[in-house]
Amino acid sequence: MIKLKDPSYKKTILKDVKLLKPKRYFDERGFFEEIYNQNRYEQLGINFIFVQDNHSKSIHKQTLRGLHFQSFTKAQAKLISCIKGRIFDVAVDIRLGSPTYGKWVSYELSAENGYKLFIPIGFAHGFLTLQENSEIIYKCSDYYDPKSEGVLLWNDPNLGINWPKTKNITINQRDSSAPLLKNLNSPFTWDEKR
């Protein structure tokens, strides 16, 4: 179990990817949680204006979505929350020249644990559901644009993502036939000064 203090965030091995845990206030009715506060998130180094919120429901356990990104000029930073069920959430660095290019991090996000994952521009994102009827909501820093969509093969052996059991996954055609990292023409470049 990951222990986080309040203000709760944890740096990860990928620069700028952050695991967050908003504080929950419990009483006899249940709990209250502030799910987003721009000032508070800016204090944590998340300096994006989010312009679009998305809601995704996966009916089946072992549903895989990703690894997705949007390229410039519609690149997106994302703030991921699981509001029902559990997911195995992954971010992969695809910034050319980055010292962590091709590296990944993963965390279990669930309605119960309340963790959120911030994924900046220059990273591919995907997840595997660990329970039926899992739902996520995520904030995006730019609008969806189908012409800017990109996808990276979720099980690229060179990435070596340690996915949980993936024997009978539900996946769409686009995600299952995505390019390998070595064949990806990444639109992102690492900025050492950032």
Side-chain angles (χ1 to χ4, degrees), residues 2-25 31-58 63-95 98 100 103-131 134-146 148-152 154 161 187-188 191 194:
I2 300 166
K3 300 270 187 195
L4 296 176
K5 297 178 181 176
D6 191 57
S8 317
Y9 88 96
K10 177 183 177 181
K11 291 182 182 178
T12 70
I13 61 167
L14 300 181
K15 183 173 173 30
D16 299 326
V17 174
K18 294 178 177 154
L19 182 68
L20 303 131
K21 173 73 169 161
K23 186 167 180 58
R24 287 180 171 174
Y25 300 91
F31 73 82
F32 171 83
E33 172 185 320
E34 187 177 76
I35 59 172
Y36 181 72
N37 177 312
Q38 185 174 338
N39 288 333
R40 173 124 167 78
Y41 277 65
E42 284 179 358
Q43 291 169 3
L44 299 175
I46 299 172
N47 298 309
F48 288 91
I49 302 294
F50 293 106
V51 297
Q52 180 175 318
D53 287 357
N54 297 330
H55 183 175
S56 165
K57 178 177 182 176
S58 298
T63 296
L64 197 137
R65 297 177 186 252
L67 302 158
H68 300 154
F69 60 91
Q70 278 194 189
S71 61
F72 292 110
T73 61
K74 292 292 185 180
Q76 295 176 324
K78 296 177 181 177
L79 181 62
I80 315 293
S81 304
C82 181
I83 59 169
K84 184 177 180 186
R86 294 184 307 130
I87 65 168
F88 178 84
D89 206 41
V90 177
V92 180
D93 186 349
I94 58 171
R95 301 169 299 168
S98 167
T100 56
K103 304 291 184 202
W104 57 273
V105 292
S106 66
Y107 294 97
E108 184 176 304
L109 308 182
S110 71
E112 185 178 332
N113 70 25
Y115 294 145
K116 301 178 185 324
L117 194 63
F118 172 71
I119 302 172
I121 291 170
F123 291 76
H125 168 252
F127 66 91
L128 178 74
T129 59
L130 303 175
Q131 288 181 352
S134 290
E135 297 183 43
I136 70 164
I137 56 172
Y138 55 104
K139 302 182 94 50
C140 300
S141 65
D142 209 334
Y143 299 103
Y144 172 72
D145 176 21
S148 298
E149 280 187 306
V151 64
L152 177 63
W154 68 278
I161 297 172
F188 304 107
D191 182 357
R194 229 179 130 247

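All figures in this text were calculated on a predicted structure; none of them were measured in a lab. FYI, side chains are in, hydrogens and waters are out, and symmetry mates aren't considered; it's all heavy atoms of this structure.
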Identify, with sequence neighbours excluded, every residue that meets ring pair (Phe, Tyr, Trp, His ring centres under 6.0 Å) alongside Phe31.
Phe26
Could you tell me which residues satisfy side-chain hydrogen bond (donor to acceptor under 3.5 Å, both in side chains) with Ser148, sequence neighbours excluded, listed by chain and number?
Asp145
For Phe88, ring pair (Phe, Tyr, Trp, His ring centres under 6.0 Å) partners two or more places apart:
Trp163
Mind checking what makes salt bridge (Lys or Arg N to Asp or Glu O under 4.0 Å) contact with Glu33, not counting sequence neighbours?
Arg24, Lys116
List the atom pairs, with distances to 0.1 Å, where a side-chain N or O of residues 120-128 and a protein N or O form a donor-acceptor pair under 3.5 Å, not counting sequence neighbours.
unit_1, atom_1, unit_2, atom_2, d
His125, NE2, Asp89, OD1, 2.6
His125, NE2, Asp89, OD2, 3.3

In chain order, what residues pass the side-chain hydrogen bond (donor to acceptor under 3.5 Å, both in side chains) check against Tyr143, with sequence neighbours excluded?
none
Only pairs at least two apart or in different chains count here, so list each salt bridge (charged side-chain N to carboxylate O under 4.0 Å, His left out) that has a residue in residues 43-52.
none
With sequence neighbours excluded, tell me which residues meet salt bridge (Lys or Arg N to Asp or Glu O under 4.0 Å) with Arg65.
none
Residues that Gln38 engages under side-chain hydrogen bond (donor to acceptor under 3.5 Å, both in side chains), provided they are two or more places apart
Glu42
For Ser98, give me all partners under side chain to side chain contact (heavy atoms under 4.5 Å, CB included), at least two apart in sequence or on another chain.
Asp93, Arg95, Thr100, Tyr101, Trp190
Only pairs at least two apart or in different chains count here, so list each side chain to side chain donor-acceptor pair (under 3.5 Å) that has a residue in residues 68-79.
His68-Arg174, His68-Asp175
Minimum heavy-atom separation for Ala75 and Asp142, please, with both atom names.
O-CB, 3.5 Å
